[in-house]
Amino acid sequence: NYKIQIPKEFVDEANKLIPNNNYIGFSITAGHQFRKKEINIDEIIKVANYFSEKYIPAFFIEKKYDDIINKLKQSVNKAYFPEQQASEKLKKPMLVTALGALTKFNITIDNGISHMLSFSENKNFVFYNKSSIKFKPLNEKTVVYDCSLNNTAIDNLNSEKIIEIINKN
């Protein structure tokens with residue numbers, strides 16, 4: 001049992017930033033630049049635009065990835081970056097957990113944010129290049145897709161397959 005209590009100040013901030021569950025969360029950047037863990041950004045854009053017809057795509061991306069952020073802002077309908085609007089004192093991992101709890105669901109790769117999102121106890125779709133058995137979150141609402149078990153590489157995963165997995169689950 002790894003349930004955590006999200007402090008009220010983070011819950012309140014998240015409720016201001018995501019006022020209804022008409023959002024879906026995305027965490028698409030890997031912390032280690034030399035490991036192949038990321039889905040091609042153009043495929044992410046297609047997924048985000050597909051779901052933007054019904055939801056607001058909220059991206060959980062560190063400010064240091066300004067090139068990716070700018071590309072998403074230019075290419076994704078209704079792209080939203082809630083952490084950019086957050087109070088400076090609350091820009092901490094716990095805020096991502098609180099935000100992730102308010103989305104309809106979250107799409108992520110094997111990264112630290114995926115584990116923060118698993119604490120949200122929300123529905124999460126985690127895409128692994130490999131080693132999903134070793135690293136997958138224990139949250140029962142987590143749907144895991146391991147590319148190595150499906151004879152593909154994560155950077156070859158296309159938007160149609162991602163959308164199919166989400167729509168089936």
Side-chain heavy atoms of V143 within contact of V126, under 4.5 Å: no

Spacing of L99 atom CG and M116 atom CE [to the nearest 0.5 Å]: 11.0 Å

Minimum side-chain heavy-atom gap D155-K37 below 4.5 Å: no

Contact summary for I166 and I107, nearest pair of heavy atoms: CD1-CD1, 3.4 Å

Verdict with reasoning, I18 to I56, per side chain to side chain contact (heavy atoms under 4.5 Å, CB included): CA-CA 10 Å; I18 296 183; I56 298 168; over 6 Å; no

Nearest-0.5 Å distance, NZ of residue K104 to CG of residue N20: 10.5 Å

Aromatic contact, F125 with Y145 (centres under 6.0 Å): no

Distance-minimising heavy-atom pair for E83 and F59: OE1-O, 4.3 Å

Any donor-acceptor N/O pair, N129 side chain to I154 backbone, under 3.5 Å: yes

Flag for Y50-N167: side-chain donor and acceptor within less than 3.5 Å: yes

Backbone of I165 reached by a side-chain donor or acceptor of N169 within 3.5 Å: yes

Closest non-hydrogen atom pair between S75 and N49, with its separation: O-ND2, 2.9 Å

Heavy-atom side-chain proximity of L117 to T97 below 4.5 angstrom: no

Salt-bridge criterion met for D42 and K71 (N-O under 4.0 Å): yes

N156 CG to I39 CD1 distance, which is reported to the nearest 0.5 Å: 11.5 Å

Residue K78 excluded, over 12 heavy atoms near NZ under 6.0 Å: yes

Pair K8 + D12, salt bridge at N-O below 4.0 Å: yes

Side chain to side chain, I28 and I41, heavy atoms closer than 4.5 Å: yes

Check: Y80 ring centroid to Y23 ring centroid under 6.0 Å: yes

Least distance between heavy atoms, A48 atom then P57 atom: O-CG, 3.7 Å

Working for side-chain hydrogen bond (donor to acceptor under 3.5 Å, both in side chains), residues S148 and D146: CA-CA 6 Å; S148 67; D146 188 322; 2.6 Å; yes

E43 side-chain N/O to N158 backbone N/O, donor-acceptor pair under 3.5 Å: no

Beyond-backbone contact of F51 with I163, side-chain heavy atoms, under 4.5 angstrom: yes

Side-chain donor-acceptor pair present, N122, T103, cut-off under 3.5 Å: yes

Donor-acceptor contact present, side-chain D110 to main-chain Y128, <3.5 Å: no

Atom CD of E53: over 12 foreign heavy atoms under 6.0 Å: no

N106 and N124: side chain donor to acceptor below 3.5 Å: yes

Over-ring placement of K73 relative to F81, 6.0 Å and 45° cut-offs: yes

Separation between CG of L90 and CZ of F10, rounded to the nearest 0.5 Å: 5.0 Å

Euclidean distance, E62 CD relative to I69 CD1, rounded to 0.5 Å: 9.0 Å

Minimum side-chain heavy-atom gap C147-F127 below 4.5 Å: no

Closest non-hydrogen atom pair between I109 and E38, with its separation: CD1-CG, 3.8 Å

Candidate pair E164 and K168, rule side chain to side chain contact (heavy atoms under 4.5 Å, CB included), full reasoning: CA-CA 6 Å; E164 174 190 328; K168 279 186 177 180; 3.2 Å; yes

Spacing of OG belonging to S87 relative to CG belonging to L17, to within rounding of 0.5 Å: 9.5 Å

Smallest separation among heavy atoms of K91 and A86, with atom names: CE-O, 3.3 Å

Pairwise side-chain contact, T142 with K123, heavy-atom cut-off 4.5 Å (strictly under): no

Side-chain heavy-atom pair Y55, F105 within 4.5 angstrom cut-off: yes

